[in-house]
Amino acid sequence: MQKKEYKIRINATPQKVWFALWDDNHYRNWTSVFCEGSYAKTDNWKEGSRVHFLTPDGKGMFSNVSENRPFEIMEFTHIGNIDNFKELPLDEETKQWSGGKERYVITESNGETTVSVTIDIYEKYMEFFDTAFPKGLEKVKALAENFYITVQTSVNASIEKVWEKWNNPGDIIKWCTATETWHTPTAENDLRIGGLFKYRMEAKDGSMGFDFGGTYTAVEENKNIEYTMADGRKAKIIFEKQEDRVTITESFEAETMNTFDLQRDGWQAILNNFKKLTENE
């Protein structure tokens with residue numbers, strides 16, 4: 001085993017870098033340099049929990065999260081191999097690297113964030129990691145410096161029905177809410193490039209409310225929508241037809257008033273409401 005360090009500087013906040021590393025969609029993106037389609041099965045990366053690092057065909061490695069300090073440190077202790085999605089007993093070769101560490105340290109200085117990765121590498125894989133890890137960190141840099149939060153759902157309905165429900169103001173007021181204590185009493189939608197939309201979102205008790213709106217910059221029927229919000233942030237929605245279902249992927253630039261988790265959970269809740277309405281009407 002040899003200890004190697006890989007490092008990169010990123011023009012983004014530690015929060016954006018952290019989510020670029022560990023948000024599921026972003027994680028799948030940057031780790032694709034190691035194996036296309038790779039992903040991690042985790043309990044939200046909780047300290048002390050087990051992680052399965054997997055390829056699409058069920059091979060990979062199992063590890064423990066030995067340290068998790070949000071926006072600062074993530075460390076794994078690698079244990080053994082996985083085959084057919086199952087943990088394998090340690091063999092003589094696995095014992096040579098079992099217990100090895102992989103440690104990510106995030107530091108900020110003068111508005112720039114540095115990611116330092118220290119990893120114990122079995123000698124036979126050194127050349128592979130020396131090639132792949134710098135490429136992966138370059139992807140993390142690109143993700144963090146152009147940071148979008150992504151939410152997704154799959155709707156059991158035709159693409160035509162999904163498109164209609166998504167864009168019809170009469171339907172928007174039914175599904176566009178994150179919690180049962182809020183609602184959207186009015187919605188205006190001029191679906192064309194250069195057209196405006198505005199949804200009025202309010203607490204049902206009348207204690208607070210705000211307008212959510214923007215300008216469409218791209219519209220391709222049954223395929224995609226892009227817009228710029230009133231505060232200048234950008235968003236895009238992709239509709240993908242898959243047999244009798246439609247996958248909706250919604251990505252948006254994060255704002256700074258709320259945590260990324262809160263923003264993602266709120267947008268995901270609205271997307272879940274859309275799925276429920278569309279499948280039940």
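Everything numeric here is computed off the predicted structure, so don't read it as measured data. FYI, side chains are in, hydrogens and waters are out, and symmetry mates aren't considered; it's all heavy atoms of this structure.
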Connected via hydrophobic side-chain network under 4.5 Å: I238 and L191 | no
Is there a side-chain contact between L54 and I82 (heavy atoms, below 4.5 Å)?
-> yes
Among side-chain atoms of S63 and H78, is any donor-acceptor pair under 3.5 angstrom?
-> yes
Taking the six-membered ring for Trp, is the centroid-to-centroid distance between W18 and F260 below 6.0 Å?
-> no
Are I193 and M229 in one and the same hydrophobic cluster, where Ile, Leu, Val, Met, Phe, Trp and Tyr link if side-chain heavy atoms are under 4.5 Å apart?
-> no
Is there a donor-acceptor contact under 3.5 Å from the side chain of K174 to the main chain of L277?
-> no
Any I119 side-chain heavy atom under 4.5 Å of K3 side chain | no
E102 side chain to Y104 side chain, donor-acceptor N/O pair below 3.5 angstrom | yes
Start with the C-alpha distance between D231 and R233, add both sets of side-chain angles, then the distance that settles salt bridge (charged side-chain N to carboxylate O under 4.0 Å, His left out), and finish with yes or no.
-> CA-CA 6 Å; D231 61 6; R233 293 182 296 130; 2.8 Å; yes
Scan side-chain atoms only and decide if N189 and Y216 contain a donor-acceptor pair under the 3.5 Å cut-off.
-> yes
How many angstroms lie between NZ in K198 and OG1 in T215, if you round to the nearest 0.5 Å?
-> 12.5 Å
Tightest non-hydrogen contact, residues I79 and L90, listed as O-CD2, 3.3 Å
Are E67 and R103 ion-paired here, with the side-chain N under 4.0 Å from a carboxylate O?
-> yes
Take K59 and F85, measure what side-chain contact (heavy atoms from CB on, under 4.5 Å) needs, and give me the verdict at the end.
-> CA-CA 6 Å; K59 298 182 182 297; F85 303 100; over 6 Å; no
D205: partners by salt bridge (charged side-chain N to carboxylate O under 4.0 Å, His left out), with sequence neighbours left out | none
Under 6.0 Å from the CZ atom of R245, do we count more than 12 heavy atoms belonging to anything else shown?
-> yes
Could you tell me whether the side chain of V246 reaches within less than 4.5 Å of the side chain of E240, counting heavy atoms only?
-> no
Go through the steps for V115 and I10 under the test side-chain contact (heavy atoms from CB on, under 4.5 Å), then give the verdict.
-> CA-CA 8 Å; V115 179; I10 301 174; 3.9 Å; yes
Examine K236 relative to Y148 and say whether NZ or CZ is less than 6.0 Å from the centre of the six-membered ring and inside a 45° cone about the ring axis.
-> yes
Could you go through the side-chain hydrogen bond (donor to acceptor under 3.5 Å, both in side chains) check for T249 and Q152 one step at a time?
-> CA-CA 5 Å; T249 304; Q152 189 177 75; 2.7 Å; yes
Heavy-atom closest pair (A20 atom, V140 atom, distance to 0.1 Å) is CB-O, 3.9 Å
Interatomic spacing from CH2 in W166 to CD1 in I225 - rounded to 0.5 Å = 7.5 Å
Got F19 and R264 here, is their nearest side-chain heavy-atom distance under 4.5 Å?
-> yes
Would you say F62 and V51 are hydrophobically clustered, going by side-chain heavy atoms of ILVMFWY under 4.5 Å?
-> no
Can you tell me if T77 uses its side chain to pair, donor with acceptor, with the backbone of G99 under 3.5 Å?
-> no
Nearest atoms (heavy-atom pairs only) where K241 meets I159 = CD-CG2, 4.2 Å
Quick one: are F239 and K223 in side-chain contact, heavy atoms under 4.5 Å?
-> no
Please report the C-alpha distance between K95 and E92 in whole Å, then the side-chain angles of each, then the deciding distance to 0.1 Å, and finally whether the salt bridge (charged side-chain N to carboxylate O under 4.0 Å, His left out) criterion is met.
-> CA-CA 5 Å; K95 290 177 182 178; E92 290 306 312; 3.6 Å; yes
Side chain T278, main chain F274, donor-acceptor under 3.5 Å = yes
Determine whether V117 and M126 fall in the same hydrophobic cluster, where Ile, Leu, Val, Met, Phe, Trp and Tyr are linked whenever their side-chain heavy atoms lie under 4.5 Å apart.
-> yes
Describe, in one word, how the ring planes of F147 and H26 are oriented to each other, choosing from parallel (under 30°), tilted (30 to 60°) and perpendicular (over 60°).
-> tilted
Residues, nucleotides or ligands: over 12 heavy atoms within 6.0 Å of K46 NZ = no
Do we see a donor-acceptor contact under 3.5 Å between the side chains of E47 and S66?
-> no
Please lay out, stage by stage, how D43 and R50 fare under the test salt bridge (charged side-chain N to carboxylate O under 4.0 Å, His left out).
-> CA-CA 7 Å; D43 185 15; R50 183 70 64 124; over 6 Å; no
Who are the side chain to side chain donor-acceptor pair (under 3.5 Å) partners of E72, not counting sequence neighbours?
-> R69
Aromatic ring proximity, centroids under 6.0 angstrom, Y6 and F129 = no
Derivation and outcome, side-chain contact (heavy atoms from CB on, under 4.5 Å), residues E5 and K7 | CA-CA 7 Å; E5 182 182 33; K7 187 178 291 188; 3.5 Å; yes
Would you say the side chain of E279 lies within less than 4.5 Å of the side chain of V155, judging by non-hydrogen atoms?
-> yes
Is the backbone N or O of E93 less than 3.5 Å from a side-chain atom of D91, with the two atoms forming a donor-acceptor pair by type?
-> yes
Do the side chains of E250 and T150 get nearer than 4.5 Å, heavy atoms only?
-> no
Scanning both residues in full, the closest heavy-atom pair of L137 with I8 reads O-CD1, 3.4 Å
Residue K276 excluded, over 12 heavy atoms near NZ under 6.0 Å | no
Could you label the plane-to-plane angle of the F212 and W267 rings as parallel, tilted or perpendicular, counting under 30° as parallel and over 60° as perpendicular?
-> perpendicular
Parallel, tilted or perpendicular: ring planes of Y27 versus W30, cut at 30 and 60 degrees = perpendicular
Examine the side chains of E164 and N167 and answer whether a donor and an acceptor come within less than 3.5 Å of each other.
-> no
Do W22 and F76 have ring centres separated by under 6.0 Å?
-> yes
Could you pull out the closest heavy-atom pair between T184 and I173, with the gap in Å?
-> O-CB, 3.1 Å
Could you state whether I73 and F71 fall into the same hydrophobic cluster, counting links through intermediate Ile, Leu, Val, Met, Phe, Trp or Tyr residues with side-chain heavy atoms under 4.5 angstrom apart?
-> no
Could you tell me how the ring of F210 sits relative to the ring of W182: parallel (under 30°), tilted (30 to 60°) or perpendicular (over 60°)?
-> tilted
Can you name the closest pair of heavy atoms from C35 and T55 and give their distance?
-> SG-CG2, 3.6 Å
N68 and P70, any side-chain heavy atoms less than 4.5 Å apart | yes
Are any of the side-chain nitrogens in E281 or K165 under 4.0 Å away from the carboxylate oxygens of its partner?
-> yes
Determine yes or no for a side-chain-to-main-chain donor-acceptor pair under 3.5 angstrom, with Q263 supplying the side chain and N258 the backbone.
-> yes
Is the count of non-hydrogen atoms from other residues, nucleotides or ligands lying under 6.0 Å from K101 atom NZ greater than 12?
-> yes
Salt bridge or not for E180 and K204, using N-O below 4.0 Å?
-> no
Side-chain donor-acceptor pair under 3.5 Å between S38 and T31, yes or no?
-> yes
Does the side-chain contact (heavy atoms from CB on, under 4.5 Å) test come out yes or no for F252 and K234, once each step is laid out?
-> CA-CA 6 Å; F252 61 96; K234 294 178 171 56; over 6 Å; no
